[in-house]
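Atom set for the values below is all heavy atoms of this structure, side chains included, hydrogens, waters and symmetry mates excluded. Chain naming here is simple, since letters A, B, ... match the order of the sequence lines and numbering starts at 1 in each. Please read all numbers here as calculations on a predicted model, not as lab measurements.
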Amino acid sequence: MDFGYQINPSSAVNLDQVDRRRYDALVRLSPDAATCMGCGSCSATCTSSAWSGMSVRKVLLGLQRGRDAEVNRMLSACMLCGKCTMVCPRGINTRQLILTLCRLDKNGEVVR
Amino acid sequence: MIYQGKQKIWADYQKEIPDDHWFYVRSCIRQNFFPASEKYFLVICRDMLGRDIFETEHHTTCAGIAYHCDTIPQETAMTVVARQFALMTEAGYENFVTSCITSFGNYCEILETWREFPELEAKIREDLWKACRREFNKPKYIAHASDLVYKFRGEIAERAKYRLVARATGEPLRIVEHIGCHYAKMFPHKGVGGAEYPCVLSGMAEAWGGQVIDYPERRHCCGYGFRQYHIKANRGYSLSNTHKKFESMEPFHPDMIITNCPGCPYFLDRWQYVISEMTGKTYGQNGYGIPALTYEELAGLVLGIDPWDLGFQMHQVAIEPLLDKIGIPYDPARKYLGVDEKKIKTPGLPTTLKCC
Ligand code: SF4
Ligand code: SF4
């Protein structure tokens, strides 16, 4: 029946069912990924962010929530300029982290 | 040490609820949605438990819905509320109990605003005097009606005719609760347990024999959200919120939902029909829905009040499977009888959601 409105798809994340293999592999290869406190300084300084939505903070969060497609979309917009690395208060080498991530497939296997 | 720390944290979530002498204000929408709930609040508290609960026919809306829908400024709502306080003062009461969660949030918000901006309170006092020559004292205590039923839950349990257990197995019923956002989230310390430890409804359910199920979206909005529902273009957003709650509670197979807000039981009840028509999905057993009850209806049920007097024929989701499960007798022929046993109209049946 058409009521003139619809149910939007839910954005709920079931953490019990999330596939975190890629995130776990990243933390194994670049342990500093686990020290991110989600401050967003990286996103604020990112030149690409304004037009592409790239955000290292969101990439790390997306990985922990199993949102692989969203993560890949953001990664493809990175210019590897390294500005985010310069502002991270945790001293995370975010540029190296992005490069490591690009080598991992969604199962957490090193493919490149 | 850990125990003492916990006690201290818990103390912050407690609320002083005076035992007696309350000035009661009704909700504008509840009387249409679930018309017997307020009546039976008075029957239970006044007639059965002997408390002094006063109400006057002169009280009006609190203007909360218009305020939350952005159709009137807060000053207008404040003047309306000031008039309710004037009625309370004139009747000689100091404790103010509201039937509606939105009113409760509205009263708390206004009192807090006046506390921070005394000049605004002075202006409203002046406006009220100019408008209707009335003066008021601020209430000493503000409670929501569910606070009182929570306080009296032990007394209700002592008088209970039925317990919330499945008659066939003796197992406690699986109950999910939904706490009203305007009760628990606007001023968490003004409600029992806030949104972190929502115990006002679960306390009742457990005292009357049920088992409370903690589901992931327990604290999520029921979907009403005022502007989300009242503006048709946003209505899908309202429905989606409620849908999210159902999807979250479904794996736990609840026997019923208990709520303390006017909007919540309405949307948790009626949207089950809309979802079933849109998607073909129902959330109860055997094609039925999950009954969504107000706390007064639940109290009335355990006290042995006739289900049709409690107004369950006004629910979209059929209550009969739940009554059968508890073992509460009912006469199907009386379901659609109104005042003086006159037949009221029988509603049409949904295509998917099973109703009795
Ligand atoms: S390296 Fe990538 S993510 Fe970091 S600031 Fe540059 S474009 Fe943005
Ligand atoms: S700046 Fe560093 S700590 Fe802050 S969100 Fe980005 S990666 Fe995480």
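Using a 4.5 Å cut-off between heavy atoms, B/Ser238 does not touch chain A at all. Of the two parts of B/Glu247, neither the backbone nor the side chain holds a non-hydrogen atom closer than 4.5 Å to a non-hydrogen atom of chain A.
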Between A/Tyr5 and B/Met278, is a side chain to side chain contact (heavy atoms under 4.5 Å, CB included) present by the stated rule, with each step listed?
CA-CA 10 Å; A/Tyr5 47 89; B/Met278 277 185 182; 4.1 Å; yes
For A/Phe3 and B/Arg235, run side chain to side chain contact (heavy atoms under 4.5 Å, CB included): C-alpha distance rounded to whole Å, both residues' side-chain angles, the deciding distance at 0.1 Å, then the answer.
CA-CA 10 Å; A/Phe3 289 87; B/Arg235 209 163 280 170; over 6 Å; no
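Sparse packing is recorded around CD of A/Gln6, with 12 or fewer heavy atoms of other residues, nucleotides or ligands lying under 6.0 Å away. Heavy-atom contacts from other residues, nucleotides or ligands closer than 6.0 Å to CD of B/Gln285 number 12 or fewer. In this structure, A/Met86 places its CE atom where only 12 or fewer heavy-atom neighbours from other residues, nucleotides or ligands lie under 6.0 Å away. Heavy-atom neighbours of B/Lys335 NZ from other residues, nucleotides or ligands within 6.0 Å: above the threshold of 12. Other residues, nucleotides and ligands place more than 12 heavy atoms under 6.0 Å from the NZ atom of B/Lys343.
The minimum heavy-atom distance between A/Asn8 and B/Gly236, with the atom names listed, is ND2-O, 4.1 Å.
A distance of 13.0 Å separates NZ in B/Lys244 from CD1 in A/Ile7, rounded to the nearest 0.5 Å.
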